[in-house]
Amino acid sequence: ADSLAKNTKLQFLVLDRNNAITTAGWSAILKLVCNSSSINDVMNSNHVLNSLGYFLFANRKRAVDHALGVDNVNLLRASLGLNLMSNGTLVARRKILWSHTRGNFNIGESSI
């Protein structure tokens, strides 16, 4: 995951056939797309990767939920969704708000 941190091109990482991703692996992927350690770390997170090809299947969804827990899996899904936007600055701002309020703040479609 570290090698993808400065990625500016790769949008899709297909993991749907990888059933052996551990909690540490999912945590590394979350840190890649939204490192919530600090505001600067969120700003330096990957804002391009938007699909892991993994959340479509219920059994795999449960595995990710179990590995990360509800708050972190929601942060991962929200971050991947935000990465679909073309404005990296806006994506970073929303990730900062989302990650530091842990989803207790509905930013919806605002221009923040």
(Q) Quick check: do Trp26 and Leu15 have side-chain heavy atoms less than 4.5 Å from each other? (A) yes
Q: Apply side-chain contact (heavy atoms from CB on, under 4.5 Å) to Cys34 and Leu76, showing your working.
A: CA-CA 7 Å; Cys34 188; Leu76 176 59; over 6 Å; no
Q. Tell me, do Ile29 and Leu13 make a side-chain contact under 4.5 Å, heavy atoms counted?
A. no
Q: Please examine the side chains of His47 and Thr89, heavy atoms only from C-beta on, and report whether any two atoms are closer than 4.5 Å.
A: no
**Q.** From Asn44 atom CG to Ile39 atom CD1, the distance as rounded to the nearest 0.5 Å
**A.** 12.0 Å
Q. To the nearest 0.5 Å, how far apart are OG in Ser45 and CG in Leu82?
A. 11.5 Å
(Q) Between Asn35 and Ser37, do the side chains contain a donor N or O and an acceptor N or O under 3.5 Å apart? (A) yes
Q) Closest heavy-atom contact between Phe12 and Asn50? A) CE2-OD1, 3.5 Å
Q. What closest approach, in Å, do Ser99 and Val42 show between heavy atoms, and which atom pair accounts for it?
A. OG-CG2, 3.7 Å
Q) Which pair of non-hydrogen atoms, one from Thr23 and one from Ala67, has the smallest distance, and what is that distance? A) CG2-O, 3.1 Å
Q.
Test of understanding: clusters of I, L, V, M, F, W, Y form through side-chain heavy atoms closer than 4.5 Å, transitively. Do Leu30 and Ile96 belong to the same one?
A. no
(Q) Taking the side chain as everything from C-beta on, heavy atoms only, tell me whether Val48 gets closer than 4.5 Å to Leu10. (A) no
Q) From Ser38 OG over to Met43 CE, what is the distance, rounded to the nearest 0.5 angstrom? A) 11.0 Å
Q. Would you call Lys95 and Asp41 a salt bridge, using N to O less than 4.0 angstrom?
A. no
Q. Can you tell if the side chain of Asn87 reaches within under 4.5 Å of the side chain of Val91, non-hydrogen atoms only?
A. no
Q: To the nearest 0.5 Å, tell me how far Asp65 CG sits from Asn72 CG.
A: 11.0 Å
Q) Which pair of non-hydrogen atoms, one from Asn46 and one from Asn83, has the smallest distance, and what is that distance? A) O-ND2, 3.2 Å
